[in-house]
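Notes to accompany the following structure.
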Number of protein chains: 2
Amino acid sequence: MGSPLPRDPIADAQRNWERHGWGEVAAPMAAITAIMRTQQILLARIEGVLKPYGLTFARYELLALLSFARSGALPMNKASALLQVHPTSVTNAVDRLEKAALVVRSPHPTDGRTTLIELTAEGRTLAKRATTALNNEVFGQSGFGDDDVEHLIRVLGDFRKAAGDFTD
Amino acid sequence: MGSPLPRDPIADAQRNWERHGWGEVAAPMAAITAIMRTQQILLARIEGVLKPYGLTFARYELLALLSFARSGALPMNKASALLQVHPTSVTNAVDRLEKAALVVRSPHPTDGRTTLIELTAEGRTLAKRATTALNNEVFGQSGFGDDDVEHLIRVLGDFRKAAGDFTD
DNA sequence: GCAATATACTAGGACATCCAAGGGTTTGGA
DNA sequence: TCCAAACCCTTGGATGTCCTAGTATATTGC
């Protein structure tokens, strides 16, 4: 989207914060901004790898989640909770996955309010292939050192827990 | 958006990866997924704080960037590069900020292709107030320890540099 | 047993991001 | 000098996310 900048824009922002007397919060500001930017970079990589499979990250996540479910099916509200996205986002993803014949909607056997999302055979196959691609081209070459990975998992895990994501 | 889950869904995903023989990349996968989720949580907090000011994070970032520019003005392509977003995203943000009378578009004095974005007096005031709010309500209470903040800045800085964000 | 409340999903709208294309302006090499 | 290539911004389209209803089904409590 652009060539490398001569200087780190986030480090510059941190300096600006300090220069304006906000030194107390300059570092957390920089850390948070860095997280936002890193997410953007990672998402772009992931989407790039998934594109040939006709998937986006949101759809892939749903497919992967289903592929780990015992029966290959989950209620929509369960998927929404586990993926931690708004129910309408799941509706959106399922609409498109269903159109691509990768999942099917089916009524819940006992609760008339609930809709089950079920993986089709093609859906399962594609999930597997996409996962292999992601493992090879993104997760296997994250660019993070092993120690840093462990540190990120711990620090961000604590953060997510404090934010109310899970009890555990 | 939902109540806390009984278990950390990302830790579960990591276990699933290991169980399927992808142990090599399970940890990086978990770290990357955690970054995505953390970004989502932080963005929601930021947007929540900015909403009373009629700003979104994208618009705030542009406003803040302009407020640090000597003249309070920047060419659109410069803003695009510094914010590291697609030019069309800047066009979109400027359209809305201009409608809110927080910035003004003006022609570049010597290059007819370029458009300058200029902060208005209200824009500058609002940027200051919004920044104070973010400093108090988000950056000042990030939930990250000081050491973790330093670590994040370093690790993510290295990552962004390796990704081609900047030379430095 | 029935009304009030809670849950589950979806439709419509606001925003943001990116990509692909198009029109105007500059730059540079023949 | 002059036209092709490069650059800048905008428009239009595809996606994703969230919020705010609105409809349908379950559960609760009196």
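Lettering of chains follows the sequences in order, A, B, ..., and the numbering in each one begins at 1.
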Discussion item. Less than 4.5 Å apart, side chain to side chain, heavy atoms only: is that true for A:R15 and A:R7?
Written reply: yes

Item to complete: Could I get the full list of ring-ring contact (aromatic ring centres under 6.0 Å, His included) partners for B:F159, not counting sequence neighbours?
Response: A:F144

Worksheet item: Nearest-Å distance, CG (A:L50) to P (C:dC19)?
Response: 15 Å

Discussion item. Regarding A:Q40, tell me which of base, sugar-phosphate or nothing describes its non-hydrogen contacts under 4.0 Å with the strands shown.
Written reply: sugar-phosphate

Worksheet item: What pairs of residues pass the salt bridge (Lys or Arg N to Asp or Glu O under 4.0 Å) test when at least one of them lies in residues 36-50 of chain B, not counting sequence neighbours?
Response: A:D165-B:R37

Worksheet item: Restricting to pairs with a member in residues 38-62 of chain A, which pass ring-ring contact (aromatic ring centres under 6.0 Å, His included), not counting sequence neighbours?
Response: none

Practice prompt. Name the orientation class of the two ring planes belonging to A:W17 and B:F139 (parallel below 30°, tilted from 30 to 60°, perpendicular beyond 60°).
Written response: perpendicular

Discussion item. Enumerate the salt bridge (Lys or Arg N to Asp or Glu O under 4.0 Å) contacts for residues 83-101 of chain B, please, sequence neighbours excluded, ordered by first and then second residue.
Written reply: B:D95-B:R105, B:E98-B:R105

Discussion item. Determine whether A:S142 and B:I32 satisfy the following criterion, side chain to side chain contact (heavy atoms under 4.5 Å, CB included), listing intermediate values before the conclusion.
Written reply: CA-CA 8 Å; A:S142 70; B:I32 288 172; 4.0 Å; yes

Item to complete: Take the protein atom CZ of A:F57 and the nucleotide atom P of C:dT17, then report the distance between them rounded to whole Å.
Response: 19 Å

Worksheet item: Under a criterion of less than 4.0 angstrom to any heavy atom of chain B, what are the 5'-terminal and 3'-terminal contacting nucleotides of DNA chain D?
Response: D:dC7 to D:dC18

Worksheet item: Roughly, in whole Å, what's the span from CD1 in A:I46 to C1' in C:dC18?
Response: 16 Å

Worksheet item: Considering only heavy atoms from C-beta outward, does the side chain of A:D148 approach that of B:H151 to under 4.5 Å?
Response: yes

Worksheet, complete the sentence: Whether each nucleotide of nucleotides 4-15 of chain C has a protein heavy atom under 4.0 Å at its base (B), only at its sugar-phosphate (S) or at neither (-) is summarised, 5' to 3', as ---BSSBB---S

